[in-house]
Amino acid sequence: MYGLSDELKEKVIRLNSNLCNKYNKLLKMDSGELKNYVDENIGEIVQIEKMDKSEIEKYLKNGGIIGVDGSKNRIGGAYPHYLEIYQGLAKSSIYDDTPIYKADFYTPLYTEEESELIERLYGNEEAIKNYKLSGIEVDVALEGVKKYKPYAIMMDGSLIRYDIECFEKWIELRRECENRGIILIGVIKDIKTSIVGEKLAKDKILDTAENLYDRELLYGLLKYGEMVKIKDEVAKKPKEGFTSIFMRSSNAPSVIGMDILDTQREYIEEMAKLVFTLTPKNSRGVPLWLDIVDSEVKISDKMMHSILETYLDREILEKLFISERDKRTL
């Protein structure tokens, strides 16, 4: 193959060999035994059903749901000559013609107005960027709570992320939802936990399992519509105030996760049922409303260039933020 070095081919072959060795014991495990182990040691496996029309109408009568997501894009080259733009969107299933948008930006070239934030986050650049994106997602959710008074809020991603990245704002959103009786959940498309693997290794069932993730161990294990109600004693999130589940919400063999406030754990099956109902059977497992929010909040490259070319002086844009590589495509 033209342009492919022998060294690269050898490294990919070696990677394949290493991965086959790593997952060899997992692939040989009996899936029925593994599923029984999960049911007994990780959390009860429950089959859920789609909501009927009368159940769905309850949400329409009680404020609907809000989907929340954020997006970011970046232009520029190496530090400090780059600019990141962040956008958050809260969209109501009832008032979908009045979405709530908020935006922010970050560049190391302009920090005068952010000195307090930088000092609080110890000048950690990654923490500042995470704070800005998660912060505007919480901001739009808060405004949505007050403006729409929804039955439930569905955040895109794990709720623990907000607890870590923008704690003060997150606590305000949590309290508002608890005080108003609004159910708050996070839907996790790409789970990164290793709850099952660590328990398997601890119980000496599979000695290599501690290096395996739940995404891998649960792949194809659950039936369509099954969920695992994760026990607090094996989960890592209860101390932060969350209860979680895994669920197979579509025909895709992968599972998704869902977080809910521990003070609202009584609604966990109802919310799992809502997520399941809103997720098309032949999809990647994400509720349709979150997919819609995701598509509407996304900052495309074209949009990014259009905004900056319109509102930044051309000299400033080219001198500070257009890399040599980007200049080839402008």
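Predicted model only: the values in this text are computed from it and were never measured.
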Counting only heavy atoms not in K202, do more than 12 fall under 6.0 Å of its NZ? no
Applying ring-ring contact (aromatic ring centres under 6.0 Å, His included), run through F242 and W170 and close with a yes or a no. CA-CA 13 Å; F242 307 113; W170 161 250; 5.8 Å; yes
Roughly how far apart are Y162 OH and K169 NZ, rounded to 0.5 Å? 12.5 Å
Are any of the side-chain heavy atoms of F321 and L109 separated by less than 4.5 Å? yes
Do the side chain of S71 and the main chain of I299 share a donor and acceptor less than 3.5 angstrom apart? yes
Heavy-atom distance under 4.5 Å between the side chains of I65 and L278, does that happen here? yes
Please say whether the positively charged group of R74, taken as NZ for Lys or CZ for Arg, lies over the ring of Y82, i.e. under 6.0 angstrom from the six-membered ring centre and within 45 degrees of the axis. yes
Flag the pair R180 / K146 as yes when at least one side-chain heavy-atom distance between them is below 4.5 Å, and no otherwise. yes
Please step through salt bridge (charged side-chain N to carboxylate O under 4.0 Å, His left out) for the pair E10 and R14, ending with a clear verdict. CA-CA 6 Å; E10 290 170 6; R14 194 185 314 154; 5.3 Å; no
Grab the two heavy atoms, one from E84 and one from Y86, that are nearest each other, plus how far apart they are. OE1-OH, 2.6 Å
Side chains of L221 and S31, heavy atoms from C-beta outward: is any pair under 4.5 Å? yes
Report yes or no: does D30 contribute a side-chain atom to a donor-acceptor pair with the main-chain N or O of G32 at less than 3.5 Å? yes
I191 with I48, same ILVMFWY side-chain cluster at under 4.5 Å: no
Does the ring center of F276 lie less than 6.0 Å from the ring center of Y224? yes
From NZ (K132) to CD (E165), nearest 0.5 Å: 13.5 Å
Heavy-atom donor-acceptor pair, N124 side chain to E126 backbone, under 3.5 Å: yes
Identify whether the distance between the nearest side-chain nitrogen and carboxylate oxygen of K91 and E296 falls below 4.0 Å. yes
Full working for side-chain contact (heavy atoms from CB on, under 4.5 Å) between T279 and V286: CA-CA 6 Å; T279 303; V286 179; 5.7 Å; no
Please determine whether residues V293 and L274 belong to a single hydrophobic cluster, defined as Ile, Leu, Val, Met, Phe, Trp and Tyr linked transitively by side-chain heavy-atom distances below 4.5 Å. yes
A side-chain contact here means heavy atoms from C-beta on lying under 4.5 Å apart; do M155 and L184 qualify? yes
When you compare the side chain of I66 with that of M154, does any pair of heavy atoms fall below 4.5 Å? no
Does S244 use its side chain to pair, donor to acceptor, with the backbone of D259 at less than 3.5 Å? no
Are the side chains of I153 and Y148 in touch, meaning some heavy atoms are under 4.5 Å apart? no
Hey, could you give me the CD/CG distance between E198 and L217, rounded to the nearest 0.5 Å? 11.0 Å
I'd like to know if the side chain of T193 and the backbone of I195 have a donor-acceptor N/O pair within less than 3.5 Å. no
Report the distance from atom CE of M247 to atom CG of L218, rounding to the nearest 0.5 Å. 13.0 Å
Minimum heavy-atom separation for C166 and V138, please, with both atom names. SG-CG2, 3.8 Å
Regarding D262 and R265, does a basic nitrogen lie under 4.0 Å from an acidic carboxylate oxygen? no
Pair K35 + E40, salt bridge at N-O below 4.0 Å: no
Tell me, with the steps shown, if S134 and R161 meet side-chain hydrogen bond (donor to acceptor under 3.5 Å, both in side chains). CA-CA 8 Å; S134 59; R161 169 179 155 238; 4.9 Å; no
Worked check of side-chain contact (heavy atoms from CB on, under 4.5 Å) between V12 and N16: CA-CA 6 Å; V12 173; N16 179 66; 5.7 Å; no
Determine whether Y101 and Q87 satisfy the following criterion, side-chain hydrogen bond (donor to acceptor under 3.5 Å, both in side chains), listing intermediate values before the conclusion. CA-CA 7 Å; Y101 282 96; Q87 184 166 253; 5.6 Å; no
Between R248 and K223, is there a donor-acceptor pair closer than 3.5 Å when you use the side chain of the first and the backbone of the second? no
Could you check whether E143 pairs with K102 (Lys NZ or Arg NE/NH1/NH2 to Asp/Glu carboxylate O, under 4.0 Å)? yes
Within 6.0 Å of CD in E168, more than 12 heavy atoms from elsewhere: yes
Please say whether more than 12 non-hydrogen atoms of neighbouring residues, nucleotides or ligands are located less than 6.0 Å from NZ in K199. yes
Full working for side-chain contact (heavy atoms from CB on, under 4.5 Å) between L89 and I100: CA-CA 6 Å; L89 168 62; I100 298 169; 5.7 Å; no
If you take all heavy atoms of A252 and S283, which pair is closest and at what distance? CB-O, 3.7 Å
Does a salt bridge link E269 with K229, judged by any charged N lying under 4.0 Å from a carboxylate O? yes
Check whether any side-chain N or O of T107 sits under 3.5 Å from a backbone N or O of Y110 as a donor-acceptor pair, and report yes or no. no
Side chain S249, main chain G285, donor-acceptor under 3.5 Å: yes
Shared hydrophobic cluster, I185 / V140 (ILVMFWY, side-chain heavy atoms < 4.5 Å): no
Report the distance from atom CG of N73 to atom CZ of F105, rounding to the nearest 0.5 Å. 15.5 Å
Evaluate the criterion side-chain contact (heavy atoms from CB on, under 4.5 Å) for residue pair I205 and Y37; output intermediate values, then yes/no. CA-CA 10 Å; I205 306 294; Y37 178 86; 3.9 Å; yes
Taking atom NZ as the centre, does K11 end up with more than 12 heavy-atom neighbours from other residues, nucleotides or ligands that are less than 6.0 angstrom away? no
Check whether D69 reaches the backbone of D156 with its side chain - one donor and one acceptor, N or O, closer than 3.5 Å. no
Do the side chain of S306 and the main chain of K302 share a donor and acceptor less than 3.5 angstrom apart? no
Give the minimum heavy-atom separation between M304 and L83, together with the two atoms involved. CE-O, 3.6 Å
Do other residues, nucleotides or ligands put more than 12 heavy atoms under 6.0 Å from E266 CD? yes
Does a side-chain heavy-atom distance below 4.5 Å link L317 with D313? no
To the nearest 0.5 Å, how far apart are OH in Y151 and CE in M271? 5.5 Å
Are L222 and L26 connected in a single hydrophobic cluster, I mean Ile/Leu/Val/Met/Phe/Trp/Tyr linked by side-chain heavy atoms less than 4.5 Å apart? yes
E178/R174 ion pair, N-O < 4.0 Å: yes
I182 and Q264 have their tightest heavy-atom pair at O-NE2, 2.9 Å
Is it possible for you to say whether Y213 and L34 belong to one hydrophobic cluster, with membership spreading through side-chain heavy-atom contacts below 4.5 Å? no
OH of Y95: more than 12 outside heavy atoms within 6.0 angstrom? no
What's the shortest heavy-atom distance between V275 and P287, and which atoms? CG1-CG, 3.6 Å
